[in-house]
Every structure is written in structure tokens, then in C-alpha cells.
Amino acid sequence: MEYRRLGSAGVKVSAISLGAWLTYGSNLVSEEQAAACIRRAIEHGINFIDVADIYSEGRAEEVVGRVIKDYKRSDLVISTKAYWPMSDNINDRGLSRKHIVESVEKSLKRFQTDYIDIFFCHRFDEETPVEETVRAIDDLIRQGKILYWGTSMWNAAQLQEALCVSRMVNANRPVVEQPEYNMLDRDFVEGQLDQFALANGIGLVVWSPLAQGILTGKYNDGIPEDSRVALIDWVKEYATQDKLDKARAISQLAAEMGVTPAALALAWTLKNPAVSSAITGASRPEQVDQNVKALEVEITPEIDERIEAILQNKPVVKKYG
Ligand SMILES: NC(=O)c1ccc[n+]([C@@H]2O[C@H](COP(=O)([O-])OP(=O)(O)OC[C@H]3O[C@@H](n4cnc5c(N)ncnc54)[C@H](OP(=O)(O)O)[C@@H]3O)[C@@H](O)[C@H]2O)c1
């Protein structure tokens, strides 16, 4: 396994990590299967496991918590998040001091642990001053309940505000941002956010690096009945013909290289110097085995150019070999 720093912070996370969204604690993946995936990930040296309060309404934290009890807590980097509504209660959402403090207490209970390694603000909250959020998180850090904090889907301007406020009130600053990033969804990261992250010591841990599994090529010959596209309606809508065509072309390139499309797609996200980790999902342990192979894939300038040609629907202008 390769480990990368979280931006300029000292903590190191595995370049391939495992997330629990739509899988663990849901009715799509049994607890036994979830445990098998998490155990396989840890066997491969994955140390970063990403969860959120909202994943399966808290059950993902419970499932992950039961599995990690068998491991040394200090060997793992466990994250969770808050922002999305957890009930009809008007205060059971957002990034207010009230919600963050109460949410973290509930997450700790569900995980059965004393601290969360990384706490993410799951989205930007337009209705709470950033200073209130920063101070609440800083208090939790000083109490030892959180070690590091970050954001998810915050743009460069919002991150800039968080950095300025943290400095202004002498609070711990965010060290990580969690954006969507894969070959088919790259606009949020490339250009502004990744440059801002590099310049400000913020590590990017990117979600859906396989575009919900589409980039594994599993849909090249139809829709497997136990796959996410078959089982979740909105993922079916996400899987447009254009995405499926590009995934097929990426699969052909991967075959020429003698690697799997999944490994190639993950290696592509990891070559962005702002990226600390690609947070993969897995519904079965064999997927974890395949995905960690990304670390063996080399993307040469020629391969990179061929990938760009596929993603931008352009012919390759041959310059090499
Ligand atoms: N911060 C946010 O707002 C946010 C949003 C989304 C996700 N996330 C985080 O990012 C994590 C990953 O997201 P994701 O699950 O969408 O990532 P992904 O890696 O793009 O997709 C994972 C899914 O693809 C399929 N898959 C994975 N590897 C495969 C392989 N080698 N062969 C065939 N199929 C394979 C599996 O689905 P099936 O087997 O069911 O088809 C798996 O559950 C989440 O768990 C969560 O921690 C964060």
C-alpha cells in the first residue's frame, strides 16, 4: 500500500481507501459481506475508512464500528460527517454548533469509539456562520473527540473563508476536502479546487473514483442484476450512454495495457498531485482486491493523452513511439 499525507498535515492515509455509502448497513450488502470487504481492505493495508452519519441512517457507522473493534484503533483513520438532515427536527441538520456537537456524540456511540480521526462538514451550510462551525469543531478537537477536520464539496472560495476564519480565531484549520472526482466527473476538482488545495496544504480525498462502478467496465455487456445501476434508480439515470461509451473505450485501453479498467481509472485520479486518497466503494471483497491493483498502474504521457482523447471525444494526434 502507498500512504500519502493529508495535504500538509502529518497524518498519512492509504492512497486507496474504502467508503461505506450505499453499501454497509444498507439492504444491498449484508453485514457479513460488509465485514468481509472491510477486513479485506485492512489486509491490503487500507487504513482510511470513510463513513457519514447519513449513510444508511447511522447503520453504516454501526457496521463499521462492529468490524473495527477487532483491530487496533490507532492503526485506522476513521472519518465521519454531518450536515444532511437526520430527522424531521429542524436542528438535526446543518453545521450549527448544536448539530455538530450532538451529531459527533451520536457518531461516537454508533462507532463505539472515543474519537473520530477526520470529521467532515458534508456540504457548505448557507445558514450558519463559518465562524460558528469552526469554533464548534475546534472545541471538539480540544476535547480529543476529533483529530482533524475537513469539508466535502466546498469550493475554493468557501475553503478560503474557513482558512481565514480559523486563523482569525486561532482554531484548528481544515486539512482535507472531499470532492467528487473521476474520469467522467472532473469539473469540480480540476483547475481551481486542486490548485487551491495544493497551494494551501489541503489534501483531496476523492469520492466515486469509479463513477459508481461504471469505470470498472462492468456495464460493457449489459447491466448485471446485482449491480448498483440495476438496483438504484437514480444511479441508472446517472449511467448515461455517453458515460457507458467512454467506459467501454477506457476498458479497451486498459486491456491493451494488461490492467483492469478499475485499476486504470483509480490510477488516473491518483496521478493528480492534489489527491491524497481515492475513496472506493465495494460490495464484495474481490472488488477491493482488484481496486488496490491501481497502485501498480503507470500512466505514461502517451497513455494520458489517449485517456484525454477518449474523455474529450477527440482523435489522438500521435506524438510518441
Ligand atoms: N462526500 C460525499 O458527498 C460523498 C458522496 C458519495 C460518496 N462518498 C464517499 O466515497 C465512497 C465511494 O463512493 P462510491 O461507492 O460511489 O465509489 P465508486 O468506487 O465509484 O463505486 C463503488 C461501487 O462500484 C462497484 N465496484 C467497485 N469496484 C468494483 C470492481 N472492481 N468491479 C466491479 N464493480 C466494482 C460496486 O458497486 P456494485 O457492485 O453494487 O455495482 C461499488 O459499490 C463512498 O462510500 C463514500 O465514502 C462521499
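All residue numbers refer to positions in the sequence shown, counting from 1. In listed order, ligands and their atoms are each counted from 1.
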Exercise for review: Would you check, one step at a time, whether the test ring-ring contact (aromatic ring centres under 6.0 Å, His included) holds for Y181 with W268?
Suggested key: CA-CA 10 Å; Y181 187 49; W268 181 89; 5.3 Å; yes

Check your understanding: Touching ligand 1 at all, T280? Heavy atoms, strictly under 4.0 Å?
Key -> yes

Check your understanding: Going by distance alone, is a donor N or O of one side chain under 3.5 Å from an acceptor N or O of the other, for N220 and S251?
Key -> yes

**Study point:** For ligand 1, the portion of Q290 having any non-hydrogen atom under 4.0 Å away
**Key:** side chain

Review point. Going by atom types alone, do T128 and T133 pair a side-chain donor with an acceptor below 3.5 Å?
Key: no

Practice item. Determine whether the side chains of D185 and Y238 contain a donor N or O and an acceptor N or O closer than 3.5 Å. Key: yes

Check your understanding: Can you say whether the rings of Y55 and W21 are parallel (under 30°), tilted (30 to 60°) or perpendicular (over 60°)?
Key -> tilted

**Study point:** Numbered atoms of ligand 1 (with element) below 4.0 Å of D50, judged on heavy atoms
**Key:** 9 (C), 46 (C), 47 (O)

**Study point:** P224 contact mode with ligand 1 (heavy-atom cut-off under 4.0 Å)
**Key:** neither

Exercise for review: Verify whether one side chain among N47 and S14 offers a donor that lies under 3.5 Å from an acceptor in the other.
Suggested key: yes

Study note, to complete from the structure: Quick note on ligand 1: atoms under 4.0 Å from a heavy atom of A20 include exactly 45 (O), 47 (O)

Review point. Side-chain heavy atoms under 4.5 angstrom apart, residues restricted to Ile, Leu, Val, Met, Phe, Trp, Tyr: same cluster for L22 and W207?
Key: yes

Check your understanding: Starting from atom 16 (O) of ligand 1, which protein heavy atom do you reach first, and at what distance in Å?
Key -> S208 OG, 2.6 Å

Check your understanding: Among protein heavy atoms, which lies nearest atom 25 (C) of ligand 1, and at what distance?
Key -> G213 CA, 3.9 Å

Revision key, fill the gap. Counting heavy atoms under 4.0 Å, the part of A282 that contacts ligand 1 is backbone

Exercise for review: Please indicate whether any nitrogen or oxygen in A262 is less than 3.5 Å from any nitrogen or oxygen in ligand 1.
Suggested key: no

Review point. At a non-hydrogen distance cut-off of under 4.0 Å, which region of N291 contacts ligand 1 (side chain, backbone, both, or neither)?
Key: side chain

Practice item. Could you tell me the residue and atom name of the protein heavy atom closest to atom 2 (C) of ligand 1, and the distance to it rounded to 0.1 Å? Key: W207 NE1, 3.4 Å

Exercise for review: Considering heavy atoms of the protein only, find what lies nearest to atom 19 (O) of ligand 1 and give residue, atom and distance to 0.1 Å.
Suggested key: G281 N, 3.1 Å

Exercise for review: Under 4.0 Å, heavy atoms only, figure out whether ligand 1 is touched by the backbone of S152, its side chain, both or neither.
Suggested key: side chain

Exercise for review: Would you mind listing which atoms of ligand 1 come within a distance below 4.0 Å of any non-hydrogen atom of T23?
Suggested key: 43 (O)

**Study point:** Any donor-acceptor N or O pair under 3.5 Å, side chains E180, S208
**Key:** no

Check your understanding: Does CG in N89 sit with more than 12 non-hydrogen atoms of other residues, nucleotides or ligands closer than 6.0 Å?
Key -> yes

Practice item. With rounding to the nearest 0.5 Å, note down the distance linking CG in N291 to CD1 in I46. Key: 8.0 Å

Exercise for review: Look at atom 48 (C) of ligand 1 and say which protein heavy atom is nearest, naming residue and atom and giving the distance to 0.1 Å.
Suggested key: Q178 OE1, 3.1 Å

**Study point:** Flag side-chain contact, heavy atom, 4.5 Å: V229 against Q212
**Key:** no

Check your understanding: Under 4.0 angstrom from ligand 1, any heavy atom of Y238?
Key -> no

Practice item. For R123 and ligand 1, answer yes if some heavy atom of the residue is under 4.0 Å from a ligand atom, otherwise no. Key: yes

Exercise for review: Assess H122 for proximity to ligand 1: is some non-hydrogen atom of it under 4.0 Å away?
Suggested key: yes

Review point. What part of M153, side chain, backbone, both or neither, has a heavy atom within less than 4.0 angstrom of ligand 1?
Key: neither

Check your understanding: Distance under 6.0 Å and angle within 45° of the ring axis: does K81 meet both against F119?
Key -> no

Review point. More than 12 foreign heavy atoms under 6.0 Å from CD of Q192: is that the case here?
Key: no

Review point. What part of T216 sits under 4.0 Å from ligand 1 if we count only heavy atoms: the side chain, the backbone, both or neither?
Key: side chain

Point to revise | Top protein contact for atom 12 (C) of ligand 1, by heavy-atom distance | key: I279 O, 3.0 Å

Exercise for review: Tell me which protein heavy atom sits closest to atom 44 (C) of ligand 1, plus the residue, atom name and distance to 0.1 Å.
Suggested key: W21 CB, 3.4 Å

Review point. If you measure only the distance, is there a donor-acceptor pair under 3.5 Å linking the side chains of D50 and Q178?
Key: yes

**Study point:** For P209 against L215, the heavy-atom pair lying closest together
**Key:** O-CD1, 3.8 Å

Point to revise | ligand 1 contact on T260 by region, counting heavy-atom pairs under 4.0 Å | key: neither

Review point. Considering distance alone, does some N or O of R228 sit under 3.5 Å from an N or O of ligand 1?
Key: yes

Check your understanding: Can you tell which part of Y181 has a heavy atom less than 4.0 Å from ligand 1: side chain, backbone, both or neither?
Key -> neither

**Study point:** Ligand-side contact atoms (ligand 1) for residue partner P209, heavy atom cut-off under 4.0 Å
**Key:** 17 (O), 19 (O), 20 (O)

Point to revise | Short side-chain donor-acceptor distance under 3.5 Å, Q241 and D245 | key: yes

Review point. Does Y115 have R73 sitting over its ring (NZ/CZ under 6.0 Å from centre, angle to axis within 45°)?
Key: yes

Exercise for review: State whether the shortest distance between N or O atoms of K81 and N or O atoms of ligand 1 falls below 3.5 angstrom.
Suggested key: no

Check your understanding: What atoms in ligand 1 come closer than 4.0 Å to a heavy atom of S227?
Key -> 41 (O)

Review point. In ligand 1, which numbered atoms sit nearer than 4.0 Å to a non-hydrogen atom of Y219?
Key: 41 (O)

Review point. Relative to ligand 1, is Y55 under 4.0 angstrom through side chain, backbone, both or neither, heavy atoms considered?
Key: side chain

Practice item. Measure the shortest side-chain to side-chain distance between I202 and V175 over non-hydrogen atoms and say whether it is less than 4.5 angstrom. Key: no

Practice item. Could you tell me the residue and atom name of the protein heavy atom closest to atom 36 (C) of ligand 1, and the distance to it rounded to 0.1 Å? Key: Q287 OE1, 3.4 Å

Practice item. Using distance alone, determine whether L210 and ligand 1 share an N or O pair under 3.5 Å. Key: yes

